Amino acid sequence: MKRFLKAGLALAIAGTGLAHAATELVVATVNNGHMIEMQKLTKFFEQANPDIKVKWVTLEEGTLRQRVTTDIATKGGQFDVMTIGMYETPIWAKKGWLVPIATDAAYDVDDLLPAMRNGLSADGKLYAAPFYGESSMLMYRKDLADKVGFKMPDQPTWVQVKELAGKIHDPKNGVYGICLRGKPGWGDNMALLTTMVNTNGGQWFDTSWKPQIDSKPWHDAISFYVDLMKAYGPPGASANSFNENLALFNEGKCGMWVDATIAASFVSDPKQSKVADKVAFAQAPVAVTPKGANWLWAWALAIPAGSQKVDAAQTFIKWATSKDYINLVAKEEGWGSVPTGTRKSTYASPEFVKAARFAEAEKKAIDTANPNDSTLPKSPYVGVQYAAIPEFQAIGVAVGQQMSAALSGKVTVDQALKTSQTTAEREMKKAGYYK
């Protein structure tokens, strides 16, 4: 009897060992609302795939970019799934750093919005699957606009935005006319500022790859931005990016906000926003040209070529970016909370269109953003709010620091642009774009 008990115990211990031998997937992601939601819903994935356990590494946007870039470039192997964007995907795919995404009939890759699928592909292959996609738009307090008798057009100009900001700016009662990104980073303040430069007729590089930062369109755009924010922005704006401005807007402290369309689902959600029923939506503001006024981006899931767990990573990515996942979020949280900007079927859903007042404006913004033709003068690069070349990351970060310093008054706009121009010229010459 004792022998049988011992044998049974040994089997139980061995069985426990087997249960613990599940594949652990380490997923690096950004601390945005939809990713936090995905972490809560991972239990459904693990129940359906008991042989896979998901470990999350959730980071602030700038830190995430640094960590995943270092890891993939050095073949560090820290992460099995990385959250990356449209900037990195084609560049890294061409370097052989990413595994193509394996899709099947159930995944329905043709259901992906063309802008998202194209932006995350290289040589016709999908190298990152979009978790959510976005353009940029204007979100504003319609109640405050109505109060001052201002009718916001569907496609406002930056001058009109400034006019309304002045009329509704009421810091004594805790309302600032406008909130915009000020935190330095190529994907932080420079995402917004590049669209402002584009619509003022500017560009990062001319067709000879010479930086154009110390030019009239840049001066016009950055001077306007700094003046607007100094007059009608919240204090400490040079430290604010997406999440900080989202918190301010949801607290009722921003009269207007130009940022990612993905924010619309948060600001119109009464569980998160005190002003959910007062928000209206318009297209991103324009200046001298509509070209490049609204950006195009996707946060997407990709597999680094160094991962030892490719099959499990493919299984997870297919789940997290599928129609079924969108339906799961709808069932658990409601259609107004689903990750948007990725699939045609989402916008074809009557339940989504009914729940998401912003759906039409969001889809219009995504459909009109053109990364192949985003500047008035001809440009040699692809990208709306970035230039898809490896050197851009370092240049964008350096320029972002200068623009943030101009916003906080540490340097003048002229000084910031001059320093940025010098930095960009040095980087481009060093990389051999021109002599």
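None of the values given here were measured: they were computed from a predicted structure. Residues take their numbers from the sequence shown, with the count starting at 1.
A cation-pi arrangement is present between Arg65 and Trp186, with the terminal nitrogen or guanidinium carbon under 6.0 Å from the aromatic centre and inside a 45° cone about the axis. Taking the ring centre of Tyr107 as origin, the terminal cationic atom of Arg343 falls inside the region bounded by 6.0 Å and 45° from the ring axis. A cation-pi arrangement, defined by a distance under 6.0 Å to the six-membered ring centre and an angle within 45 degrees of its axis, is absent between Lys95 and Trp92.
Residues Glu427 and Lys430 are paired through a salt bridge, judged by an N-O separation under 4.0 Å between the basic side chain and the carboxylate. Checked for salt-bridge contact, Glu60 and Lys183 meet the test: a charged N lies under 4.0 Å from a carboxylate O. With respect to Lys318 and Asp104, a salt bridge is recorded, a charged nitrogen being found less than 4.0 Å from a carboxylate O. Under a 4.0 Å N-O distance rule, the pair Glu37/Lys40 qualifies as a salt bridge. One finds a salt bridge joining Lys363 and Asp367 here, because a Lys/Arg side-chain nitrogen approaches an Asp/Glu carboxylate oxygen to under 4.0 Å. A salt bridge does not link Lys344 to Asp110: none of the charged side-chain nitrogens sits closer than 4.0 Å to a carboxylate oxygen. The pair Asp414-Lys418 fails the salt-bridge criterion, with no side-chain N (NZ, NE, NH1 or NH2) lying under 4.0 Å from an Asp/Glu carboxylate O. The pair Lys125-Asp123 does not count as a salt bridge, with every side-chain nitrogen at least 4.0 angstrom from each carboxylate oxygen.
Shown here is Lys230, whose NZ atom has more than 12 heavy atoms of other residues, nucleotides or ligands within 6.0 Å. Other residues, nucleotides and ligands place no more than 12 heavy atoms under 6.0 Å from the NZ atom of Lys142. Atom NZ of Lys278 sits in a crowded spot, with more than 12 heavy atoms from other residues, nucleotides or ligands closer than 6.0 Å.
For the side-chain contact (heavy atoms from CB on, under 4.5 Å) test, residues two or more places apart in sequence or in another chain that qualify with Pro270 are Ala276.
Listed by first and then second residue, the ring pair (Phe, Tyr, Trp, His ring centres under 6.0 Å) pairs involving residues 398-435 are Trp209-Tyr433 (not counting sequence neighbours).
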